[in-house]
Amino acid sequence: MKVKVISVLDDNYMYLVIEEHTRDAIAVDASVAKKLLEIVRKEGANLKAILTTHHHLDHSRGNVDLLQRFPELRVYGADDRIGGLTHRVVHNQELKFGGINVRCLFTPCHTSGHMCFYMWEDGCPDAPALFSGDTLFIGGCGMFYEGTAEQMHKNLSETLGSLPKDTKVFCGHEYTVRNLKFALKVEPSNEKVKEKLAWAKARDEDDIPTVPSSLEEEFLYNPFMRVREETVMKFTGKTNPVEVTRVLRKEKDAFKKPKDRLPIPAILAFQLGMLSQSSSDEESAPKT
């Protein structure tokens with residue numbers, strides 16, 4: 001399977017997963033319908049379904065527009081607040097799209113209905129892929145808007161952390177540089193953090209995505225995946241992994257926080273207005 005990384009908005013990622021033999025495709029977090037359709041047409045793909053990690057508009061706003069164009073489209077997710085939802089999924093439910101298999105992994109915390117999607121292809125030697133939305137980022141994790149440190153620790157250490165270590169991680173935002181700057185504060189002597197940060201800065205300067213990483217890499221430099229490491233426990237002053245997670249999140253939230261940062265409702269309201277304008281400018285497109 002082929003994964004197309006699509007940069008949208010300020011720092012969001014959408015993904016188009018294509019089964020190369022049939023050209024059938026699945027979108028992940030279709031926030032901007034026009035941009036997604038451009039890629040679908042360019043790839044000569046047949047859009048069959050949308051997987052939505054959570055209901056925030058910067059991950060789901062394009063669903064309704066796409067359903068209007070393609071009424072047979074299936075939209076999967078775990079939260080009734082997801083616009084255009086047609087199929088609600090539960091933890092460990094498996095979906096199949098031709099030779100592509102999807103396992104739904106429930107990871108509540110960033111939102112109460114957040115779902116990650118673990119994907120692999122029949123008979124393919126390539127590493128599996130994890131579409132982690134706003135639960136796991138490269139070098140970090142999502143904010144705890146509707147959940148707890150207990151939930152996020154379970155998400156990272158058990159639900160996602162137990163997947164094969166070569167799993168490729170495709171997250172929902174380009175936060176890598178800022179996450180690794182915080183990771184370096186937590187572990188200033190961690191050479192893996194230094195190396196990844198230098199690499200990410202170079203990619204950022206050239207406007208090249210830093211996704212994907214791998215789970216194996218995340219255990220080397222992501223402090224939220226390293227809560228049992230002595231250096232991380234020392235930074236937080238805690239030994240219980242849940243408490244380490246809690247302190248890390250609090251410290252990360254305060255880390256170089258912009259003074260003019262908008263609260264999340266204001267950010268989402270702005271995005272709604274911006275995306276609504278984008279939708280109104282779209283041209284009709286034939287089915288592919």
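Keep in mind the model is a prediction, meaning the values are calculated, not measured. Along the sequence shown, the residues carry numbers beginning at 1.
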Next on the checklist: With rounding to the nearest 0.5 angstrom, report the CD1 to CD distance, I18 to E43.
Outcome noted: 4.0 Å
Checklist entry - Given a cutoff of under 4.5 Å between side-chain heavy atoms of I, L, V, M, F, W and Y, with clusters grown through shared members, what are the other residues clustered with L85? => result I82
Item to check | Atom of N155, atom of P108 and distance for their closest heavy-atom approach | outcome: ND2-O, 3.1 Å
Item to check | Side chain to side chain, H114 and T53, heavy atoms closer than 4.5 Å | outcome: yes
Next on the checklist: Assess the residue pair C124 and M1 against the criterion (side-chain contact (heavy atoms from CB on, under 4.5 Å)); give the C-alpha distance rounded to whole Å, side-chain angles, the decisive distance to 0.1 Å, and a yes or no.
Outcome noted: CA-CA 8 Å; C124 180; M1 65 187 185; over 6 Å; no
Checklist entry - Okay, side chain of S60, backbone of H56: is any donor-acceptor separation there less than 3.5 Å? => result yes
Next on the checklist: Heavy-atom count check: over 12 atoms from other residues, nucleotides or ligands less than 6.0 Å from K194 NZ?
Outcome noted: yes
Checklist entry - Would you call D253-R249 a salt bridge at under 4.0 Å N-O? => result yes
Checklist outcome for this item: dist K196:NZ -> T210:OG1 (nearest 0.5 Å) comes out at 7.0 Å
Next on the checklist: Show, in sequence, the C-alpha distance, side-chain angles and deciding distance for E229 and K192, and conclude whether the salt bridge (Lys or Arg N to Asp or Glu O under 4.0 Å) test is met.
Outcome noted: CA-CA 14 Å; E229 295 294 326; K192 294 298 182 182; over 6 Å; no
Checklist entry - If Ile, Leu, Val, Met, Phe, Trp and Tyr residues are connected whenever their side-chain heavy atoms lie under 4.5 Å apart, and connections chain through other members, are V28 and V3 in the same group? => result yes
Checklist outcome for this item: OG1 of T107 to NE2 of H91, rounded to nearest 0.5 Å, is 9.5 Å
Checklist entry - More than 12 non-hydrogen atoms from neighbouring residues, nucleotides or ligands closer than 6.0 Å to CG on D207, yes or no? => result no
Next on the checklist: Is there a side-chain contact between M14 and L16 in this structure, where contact means two heavy atoms from C-beta onward sitting under 4.5 Å apart?
Outcome noted: no
Next on the checklist: Counting only heavy atoms from other residues, nucleotides and ligands, does the tally under 6.0 Å from CD of E38 exceed 12?
Outcome noted: yes
Checklist entry - What is the minimum heavy-atom distance between S31 and D58, and which atoms define it? => result CB-O, 3.1 Å
Item to check | Audit row: L67, T86, side-chain contact (heavy atoms from CB on, under 4.5 Å) steps and yes/no | outcome: CA-CA 10 Å; L67 272 171; T86 64; 4.2 Å; yes
Checklist entry - Cluster question for you: counting only ILVMFWY and a side-chain heavy-atom cut-off of under 4.5 Å, with indirect links fine, are V242 and L160 together? => result no
Checklist entry - Would you say R226 and V186 make side-chain contact, with heavy atoms under 4.5 Å? => result no
Checklist outcome for this item: Heavy-atom closest pair (G84 atom, V64 atom, distance to 0.1 Å) is N-CG2, 3.9 Å
Checklist entry - Are N63 and T52 linked by a side-chain donor-acceptor pair shorter than 3.5 Å? => result yes
Item to check | Shortest non-hydrogen contact from A49 toward F97 | outcome: CB-CE2, 3.6 Å
Next on the checklist: Closer than 3.5 angstrom, by distance alone: can the side chain of N222 be matched with the main-chain N or O of G140 as a donor-acceptor pair?
Outcome noted: yes
Item to check | Audit row: C171, V211, side-chain contact (heavy atoms from CB on, under 4.5 Å) steps and yes/no | outcome: CA-CA 7 Å; C171 57; V211 293; 3.7 Å; yes
Checklist entry - Any side-chain heavy atom of Y76 sitting closer than 4.5 Å to one from C104? => result no
Next on the checklist: Determine whether a donor-acceptor pair (N or O, by modelled atom type, separation under 3.5 Å) exists between the side chain of R203 and the backbone of P209.
Outcome noted: yes
Checklist entry - Quick one: does E205's side chain have a donor or acceptor within less than 3.5 Å of a partner on A202's backbone? => result no
Item to check | Contact list for residues 10-53, test ring pair (Phe, Tyr, Trp, His ring centres under 6.0 Å), sequence neighbours left out | outcome: Y15-F131, Y15-F170
Checklist entry - How long is the gap from OG1 on T176 to CG on D204, to the nearest 0.5 Å? => result 8.5 Å
Checklist entry - Does atom NZ of K154 have more than 12 heavy-atom neighbours, drawn from other residues, nucleotides or ligands, at distances under 6.0 Å? => result no
Checklist entry - Is any side-chain heavy atom of L156 closer than 4.5 Å to a side-chain heavy atom of C141? => result yes
Checklist outcome for this item: The single option from D122, L95, V17, D24 that satisfies side chain to side chain contact (heavy atoms under 4.5 Å, CB included) with I100 is V17
Checklist entry - Between atom CG of N190 and atom CD of E195, what is the distance when rounded to the nearest 0.5 Å? => result 9.0 Å
Checklist outcome for this item: Quick note, ring pair (Phe, Tyr, Trp, His ring centres under 6.0 Å) partners involving residues 180-200, not counting sequence neighbours, are F182-F255
Next on the checklist: Quick one about D134 and H59 (side-chain donor to acceptor, distance below 3.5 Å, no hydrogens or angles considered), yes or no?
Outcome noted: yes
Item to check | Whether E121 side chain and E19 backbone form a donor-acceptor pair below 3.5 Å | outcome: no
Next on the checklist: Donor-acceptor pair, distance only, cut-off 3.5 Å: does the side chain of S214 make one with the backbone of E217?
Outcome noted: yes
Item to check | Same apolar cluster (I L V M F W Y, side chains within < 4.5 Å links), V227/V247 | outcome: no
Checklist entry - Any side-chain heavy atom of E218 sitting closer than 4.5 Å to one from I138? => result yes
Checklist entry - What's the shortest heavy-atom distance between N46 and T22, and which atoms? => result ND2-O, 3.5 Å
Item to check | Set of ring-ring contact (aromatic ring centres under 6.0 Å, His included) partners for Y118, sequence neighbours left out | outcome: W120
Item to check | Set of ring-ring contact (aromatic ring centres under 6.0 Å, His included) partners for F224, sequence neighbours left out | outcome: none
Next on the checklist: If you count every heavy atom of other residues, nucleotides or ligands that lies below 6.0 Å from K250 atom NZ, does the total exceed 12?
Outcome noted: no
Checklist entry - Which pairs pass side chain to side chain donor-acceptor pair (under 3.5 Å) with one or both residues in residues 232-245, sequence neighbours excluded? => result E243-R246
Item to check | Any R69 side-chain heavy atom under 4.5 Å of L37 side chain | outcome: yes
Checklist outcome for this item: Heavy-atom nearest pair, L248 first then P223, reads CD1-O, 3.5 Å
Checklist entry - Would a 4.5 Å heavy-atom cut-off, applied to side chains only, mark D166 and L215 as touching? => result no
Item to check | ILVMFWY cluster, V75 and V40 together (side-chain gap under 4.5 Å) | outcome: yes
Item to check | NE2 on H110 to CE on M143, rounded to 0.5 Å | outcome: 8.5 Å
Checklist entry - Run the side-chain contact (heavy atoms from CB on, under 4.5 Å) check on Q151 and F144 step by step: do they pass? => result CA-CA 9 Å; Q151 288 176 315; F144 303 175; over 6 Å; no
Next on the checklist: If you count heavy atoms of other groups shown closer than 6.0 angstrom to NZ of K96, is the number above 12?
Outcome noted: yes
Checklist entry - In terms of hydrophobic clustering (I, L, V, M, F, W, Y; side-chain heavy atoms under 4.5 Å; direct or indirect links), are Y175 and V8 co-clustered? => result no
Checklist entry - Within a reach of under 6.0 Å around CZ of R228, are more than 12 heavy atoms found that belong to other residues, nucleotides or ligands? => result no
